[in-house]
Amino acid sequence: MSRPYSIDDPEDIKTDQVLFTKEELAENVKVPPMVEQDLKRIISDRMEQCGLYFRCFSRIKTAASMESKFERKDYNQSHKLQDLIGVRINLYFDDDISICQNIMANTFDVVNWSTSKREEDEFKPQKLNGVFRLPAYLKAEISPQTWDMCIDDTFEIQIKTMFFEGWHEVEHDMRYKGEELWSHYPGFSRYFNSILATLELCDKSMVTLFEDLGHALYKSGRWSDMVKSHFRLKLGAAQLYPEVEKILNEDMVNTENLAKRIFRTPRPVLIGQLLAKSRRIPINVNTIIALLNDSVFHDPRLEEVFSKRDVYNDGREDTDAESRHYEIRPLTRHTVFQMKTVVDGSRMRQEEKPSAQLLFETCSNIIYSWISQKYGSLFHGMPEKVSSFHAEVMAFNVTVLYNEEKRRLKAHVRHIDPEIGGRVWFAEANLYESYDGTPSSGEDIIGGKAERGVQPQVWLETVNGYAEPDREESAGMDAPSRFFSYPAFYKNIVDNVGIFNGLPCSGRRRILREDQIGEVAAAIKGERQFPIVLIISRDDGHGMMDEDWLMQLRVSDFTRTVWRYAHVLCSYEAQGRELLRQIGDVRYNSEPQIPRLYIFWPDGSSDDYGAEDIENSSFGRHLEARGDARTYDIVHGGQAFYHRIVTDLRDYNVSASMWDGFRLDIQTGIPD
């Protein structure tokens, strides 16, 4: 193990500082999520094997964070960034820090350790940082260009106690990085020190409390409780064998009795024995005494009892590979976004309307670029330019079918969820040229409709979602639309190329003009996938819209939120009533009260709301969940109505029948 040094020691003066921009770092440094998750799994497995109380968190440094650190630190080829991947281990007991340090040192290749330097008259969060070499198989998953960016093939582990965890981030940002806050206010600095001193005392007091409790339990002859209190590990529910309890009771006549020897055994001795086992064993009062007897006591009476009981398998849960049994259940597919739309090029800077060929090529490049950026680090053989490609490894799959001549692109990608077991995420896209709403054949483009002067359109179909087994615990939970999310390539196409879906797509607040009424009426009665939201304002008395009323709906924010899957229009009362008249629905012939909001759904149905509906609306916004406890913020009025309508629009999107996606060939994973 490397000799610990103080992280408060001044660094050596470095020269030849290297700086990289956020864009350069984002382009070259690509770390697949599985690298972070595998490190976290290895650490958690070792900690769980010995039963320590802990919490483990991890992160991959973002390009923005790396850029900031390169600006603050003098990184160069001899002094590199070492915490590209960071893991934080929060411990519940202060004396577990050294134990955890030894576990990590015996698990990974240590580069160095650093500790907080503590002065007698100063208090600060106690932490221990370790830098380790990445395992070779994980380093191989990271983009090779990473190592040219003054980044070391290492990762960092931070170890600290739970008492200091909550205040460490505050201390780091507002004291370590914000010395100017305290420079002229020594009283406040001293006050802060006293809080940290209290936390340090809490850490020490918790250990002392359980040690004193364990001693009292020993005096009372409560052996199981003594073991739990003294060793402070996560124990199973197994009860102490009666034969063992009898032996411990009978042995109390001896000065150095077995119970006393158990109580005096240091925790690191037991934890070392747990880690030395080739497989994880159940941790309970019986296995603890058995391990100590095997390694320290060697009492023949205990050996006989434990051999007959097969103690290391008694109470063992079915977690080891040879005894695992999984019920294989089919995956249920959940859509979190879908769309079928025409790509019209309205947001491209062209003097003339872009051709179908240009639209197809532009959208193909956007889709393929997204796939390459997201999955290229997994599949190193992906071509740089858009082309047909298929590769898969375990639950990761990329399939692209590209035919430039026929102007067809099909794409299917999927990956496992790094956090939720059994969940697989997928995204699909179908891009094609069409003359009548169906994919064109090569004959249509070459010597067919194109020569007869028929103008083709470029269509995009996309679906984003996940599949997982039905979970009993999900019963009664919110609908899957809580995950509402469109793939980034769809956003890029909408924002930078432009789409038409019944009406032109716009992210700005739009006011219905008189000359547009016929167009909007036709769109409402025509085929489309976008709901149309019409907000009819009352007159403010000066020939203008009532902005006070509209402000309740936050129309501009509302439009920016939903414009990629719904149209939002505002109108004066006269234009709004005329549009309702042209639609011809009997409900609109009864002179509805204005102001009013209508949603015209693509299936022909509609909803309408008056001012009283908006004012009386309420919305329970979920803020926090801890265990079974849920906290909601109850919002009323216009803000609540805003959330309600957004939710309705998203629920429609994920539940509508727009496009079912591809049927995958079981052998190749290639869509039909």
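Atoms considered below: every heavy atom in the structure, side chains included; atoms not considered: hydrogens, waters and symmetry mates.
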If you draw a 6.0 Å radius around [atom1] in [X], do more than 12 non-hydrogen atoms from other residues or ligands fall strictly inside?
{"X": "Glu384", "atom1": "CD", "result": "no"}
{"X": "Gln37", "atom1": "CD", "result": "yes"}
{"X": "Gln145", "atom1": "CD", "result": "yes"}
{"X": "Glu27", "atom1": "CD", "result": "no"}
{"X": "Glu612", "atom1": "CD", "result": "yes"}
{"X": "Lys30", "atom1": "NZ", "result": "yes"}

Side-chain ([X]) to main-chain ([Y]) donor-acceptor, under 3.5 angstrom:
{"X": "Ser143", "Y": "Asn28", "answer": "yes"}
{"X": "Ser605", "Y": "Trp601", "answer": "no"}
{"X": "Glu519", "Y": "Gln516", "answer": "no"}
{"X": "Asn501", "Y": "Gln529", "answer": "yes"}
{"X": "Asp613", "Y": "Gly610", "answer": "yes"}
{"X": "Glu578", "Y": "Glu514", "answer": "no"}

Do the side chains of [Y] and [X] get nearer than 4.5 Å, heavy atoms only?
{"X": "Asp607", "Y": "Tyr609", "answer": "yes"}
{"X": "Met339", "Y": "Tyr565", "answer": "yes"}
{"X": "Ile85", "Y": "Leu138", "answer": "no"}
{"X": "Lys61", "Y": "Val29", "answer": "no"}
{"X": "Ile371", "Y": "Phe379", "answer": "no"}
{"X": "His334", "Y": "Thr332", "answer": "yes"}
{"X": "Tyr598", "Y": "Ile524", "answer": "no"}
{"X": "Ile583", "Y": "Phe600", "answer": "yes"}

How long is the span from the [atom1] atom in [X] to the [atom2] atom in [Y], to the nearest 0.5 Å?
{"X": "Leu460", "Y": "Ile499", "atom1": "CG", "atom2": "CD1", "value": "8.0 Å"}
{"X": "Leu84", "Y": "Leu25", "atom1": "CG", "atom2": "CG", "value": "10.0 Å"}
{"X": "Asn653", "Y": "Phe337", "atom1": "CG", "atom2": "CZ", "value": "5.0 Å"}
{"X": "Ser571", "Y": "Ile517", "atom1": "OG", "atom2": "CD1", "value": "8.0 Å"}
{"X": "Leu512", "Y": "Leu569", "atom1": "CG", "atom2": "CG", "value": "6.0 Å"}
{"X": "Ile367", "Y": "Ser372", "atom1": "CD1", "atom2": "OG", "value": "13.5 Å"}

Quick check: closest heavy atoms across [X] and [Y], and the distance to 0.1 Å?
{"X": "Asn464", "Y": "Ala427", "value": "OD1-CB, 3.5 Å"}
{"X": "Glu428", "Y": "Phe489", "value": "O-CZ, 4.1 Å"}
{"X": "Pro602", "Y": "Arg528", "value": "CB-O, 3.2 Å"}
{"X": "Val386", "Y": "Ser364", "value": "CG2-O, 4.2 Å"}
{"X": "Val555", "Y": "Cys570", "value": "CG1-SG, 3.4 Å"}
{"X": "Glu433", "Y": "Ala356", "value": "OE2-CB, 3.2 Å"}

Carefully, step by step, assess Ser65 and Thr62 under the rule side-chain hydrogen bond (donor to acceptor under 3.5 Å, both in side chains). CA-CA 5 Å; Ser65 179; Thr62 64; 4.6 Å; no
cation_pi(Arg554, Tyr642) dist<6.0 Å, angle<=45: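 The answer is yes; both the distance and angle limits are met.
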Would Phe558 and Leu649 count as a side chain to side chain contact (heavy atoms under 4.5 Å, CB included) here? Give the steps. CA-CA 11 Å; Phe558 175 59; Leu649 294 172; 3.9 Å; yes
Using distance alone, with no hydrogens and no angle criterion, decide if Asn430 and Glu461 have a side-chain donor and acceptor under 3.5 Å apart.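 A pair is found: one side chain offers a donor N or O, the other an acceptor, under 3.5 Å apart.
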Compute whether any side-chain donor of one residue and acceptor of the other, for Thr399 and Asn397, lie under 3.5 angstrom apart.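 Yes, Asn397 and Thr399 have a side-chain donor paired with an acceptor closer than 3.5 Å.
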Steps toward side chain to side chain contact (heavy atoms under 4.5 Å, CB included) verdict (Leu39, Ser58): CA-CA 9 Å; Leu39 287 174; Ser58 60; over 6 Å; no
Using 4.0 Å as the upper bound for N to carboxylate O, is an ion pair formed by Arg564 and Asp495?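 Yes, charged N to carboxylate O under 4.0 Å.
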For Val458, the option from Leu431, Val342, Leu358 that meets side chain to side chain contact (heavy atoms under 4.5 Å, CB included):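 That would be Leu431.
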Parallel, tilted or perpendicular: ring planes of His415 versus Tyr375, cut at 30 and 60 degrees: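 Geometry flag for Tyr375 against His415: tilted rings.
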Please walk me through it: do Phe360 and Val343 pass side chain to side chain contact (heavy atoms under 4.5 Å, CB included)? CA-CA 9 Å; Phe360 175 79; Val343 180; over 6 Å; no
What's the verdict on side chain to side chain contact (heavy atoms under 4.5 Å, CB included) for Val533 and Val562, showing C-alpha distance, side-chain angles and the deciding distance? CA-CA 10 Å; Val533 181; Val562 305; 5.9 Å; no
Check the pair Tyr368 / Tyr402 against ring-ring contact (aromatic ring centres under 6.0 Å, His included), numbers first and verdict last. CA-CA 10 Å; Tyr368 190 80; Tyr402 180 67; 8.1 Å; no
